[in-house]
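Here is the structure we will look at, set down as structure tokens.
First listed ligand is number 1; within each ligand, the first listed atom is number 1.
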Amino acid sequence: MTEHNSKLFIETVGCQMNMLDSELVVAALRKQGYELTADVAEADTVLFNTCSVREHAEHKIYSALGRLKFSKQARPQQVIGVMGCMAQKDQELIFQRAPHVDLVVGTGQLGEIPRLIGEARTDRKRTVAVSLDRRDGTRNEVSQSFQSYDPLREPEMRPSPFQAFVRIMFGCDKFCTYCVVPMTRGPEQSRSPADILHECRVLADQGVLEVTLLGQTVNSYKYVENGRTWRLADLLAAMHDIPGLVRLKFVTNYPRDMTDELLQAVRHLPKCSRYLHVPAQSGCDDLLKKMKRGYTIGEYREMHGRIRATLPDAGVSSDFIVGFCGESDEAHNKSLDLIREFRFKNSFIFKYSPRPGTKAFDLLPDDVPEDVKRARNHEMLAVQNQISAEDNVAFIGRTVEVLVEGPSRNAEKRGETDATAGPVQLTGRTSCDRIVVFPGNPRLAGSLARIQIEDGTATTLLGSIVTREYQHGSSALLPILA
Ligand code: SAM
Ligand code: SF4
């Protein structure tokens, strides 16, 4: 079935898992003849890929849906779909709040989207396609109702020719008391190594240099097959042998599952990025217990010590929640101390947002006032930014290896994307995930370059090219002449 000249508008909010889901859905629809448009007014199919982790992300989508009410009246043939976490969580409620929506498709039904859009257009009936609630079946039944959606993609359908996300796990069983993900993405399930490695080989053949493995707790990966247990370290070792790949990354790590075996794998496999995102969430044991994170600060410190001992130059980053239930000034200060002690490369800091369906929502009062949450958020960011800036400034004078991604966002905003008028500002990342900007020719995108660092801010290193070393798509890391 081919749609003719159908225009698709898609808005994606949330994490990298959502970005990957959108990429896969867009690829499937483009295969059917859909064309992407950035103008919602000219779209005959509008999709929102949604996030439920914080209330704010949901408000954003409900407001966007509200604005579409009149455009739908003007274009009754338009199909409006809500997919992802909010679809799984709110289900029919979405029709009550936005009656002009046609489709609600959960995280476990994404493969159905092309068919459902076609049916919505011809039958003009509303559809909800979601997985079982975690309490509505056995673990097996619920798991089966969440279908992982990982079709192979054609190269021209990928947003970057040389970087790709690959899902290795979906769902989560950790049930941190504040978090809605175990409900919206279902039980923790690991994909088979054969599927993952096949996908990585295909991507490498298509010219992908950098693969980022995705999982809510990616280092909890476990797959048992023919009596052999595969862990993340085994996957990385197998991926390391794939010709063409030059960088392997993985996010997000769960502190308790940071094994020595994994750290040794990262140390001994040169393609592994020296970057570990291991969210601490809080610096206070009482709060960690209320969050049900499963570790104490002492245990986090022990884990962090093992990272530093095994990978002294790794960039370690964290997430923090400020203003969680019962968080006192003293508890907040302990989180600040933790940032000072571990000197994270960067931290993502979130104000606690109570989420219906979670333990914290049902059992713990949201008792930290909004203005206190805001002040703590600012204070924590200021402490983190100062550390990030100090550690970035320490790079001045060093030469780092960068995978060049292309023109920086600023260059793109200024419309500087070709080099006819001289070098443009390019951006890339080091193995330890530091962002580097430098002048150069956009043709360098997809190559590894050595950059001399001349300045640094809290978020960025600035420098200039010393040599361009490795060419995009080369099967070995062969130096080429600049
Ligand atoms: N699975 C990852 C982990 O455990 O680190 C990340 C999952 S979540 C999508 C990303 C971050 O959102 C979490 O690390 C946490 O800091 C934050 N988060 C989750 N639930 C939240 C809530 N109810 N309010 C505020 N922040 C929240
Ligand atoms: Fe949410 Fe905790 Fe699972 Fe991360 S580990 S997705 S924070 S429940």
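Between R201 and D241 there is no salt bridge, since no side-chain nitrogen of the basic residue lies less than 4.0 Å from a carboxylate oxygen of the acidic one. Looking at R167 and E199, no side-chain N of the basic residue comes within less than 4.0 Å of a carboxylate O on the acidic one, giving no salt bridge. The pair D173-R139 meets the salt-bridge criterion, with a side-chain N (NZ, NE, NH1 or NH2) lying under 4.0 Å from an Asp/Glu carboxylate O. A salt bridge links E370 with K351: the distance from a Lys NZ or Arg NE/NH1/NH2 to an Asp or Glu carboxylate oxygen falls below 4.0 Å. E390 and R343 are joined by a salt bridge, as a carboxylate oxygen and a charged side-chain nitrogen come within less than 4.0 angstrom of each other. Taking the charged nitrogens against the carboxylate oxygens, K249 and D433 do have a contact shorter than 4.0 Å, which makes a salt bridge. By the 4.0 Å N-to-carboxylate-O rule, D257 lies too far from R231 to be salt-bridged with it. The pair E379-R376 does not meet the salt-bridge criterion, since no charged nitrogen lies less than 4.0 angstrom from a carboxylate oxygen.
Looking from atom 7 (S) of ligand 2 to the surrounding protein, the closest heavy atom is Y178 OH, 3.4 Å. The single protein non-hydrogen atom nearest to atom 2 (Fe) of ligand 2 is C176 SG, 2.3 Å, given as residue, atom name and distance.
Heavy-atom contacts of V181 reach the following atoms of ligand 2: 6 (S) (cutoff under 4.0 Å). For ligand 2, the atoms closer than 4.0 angstrom to any heavy atom of T217 are 5 (S). Each of the atoms 8 (S) of ligand 2 lies under 4.0 Å from some heavy atom of F175. Near P182, with a cut-off below 4.0 Å to any heavy atom, the atoms of ligand 2 are 8 (S). Listed by number with element, the atoms of ligand 2 under 4.0 angstrom from any heavy atom of C172 are 3 (Fe), 5 (S), 6 (S), 8 (S).
Taking the six-membered ring for Trp and the full ring otherwise, the centers of Y300 and F342 sit less than 6.0 Å from each other.
Within the structure, the closest approach of R293 to ligand 2 falls below 4.0 Å when heavy atoms are considered.
The environment of NE2 in H56 is sparse: at most 12 heavy-atom neighbours from other residues, nucleotides or ligands sit within 6.0 Å.
Residue contacts to atom 1 (Fe) of ligand 2: C179 brings an N, O or S atom closer than 2.8 Å.
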Find all protein N or O atoms under 3.5 angstrom from an N or O atom of ligand 1 and list the pairs with distances, or write 'none'.
unit_1   : atom_1 : unit_2 : atom_2 : d
ligand 1 : 1 (N)  : Q216   : O      : 2.7
ligand 1 : 1 (N)  : Q216   : OE1    : 3.2
ligand 1 : 12 (O) : R54    : NH1    : 3.2
ligand 1 : 14 (O) : Q281   : NE2    : 2.7
ligand 1 : 14 (O) : D319   : OD2    : 2.6
ligand 1 : 16 (O) : Q281   : OE1    : 2.7
ligand 1 : 23 (N) : Y178   : O      : 3.0
ligand 1 : 23 (N) : S353   : O      : 2.8
ligand 1 : 24 (N) : S353   : N      : 3.0
ligand 1 : 26 (N) : R54    : NH1    : 3.2

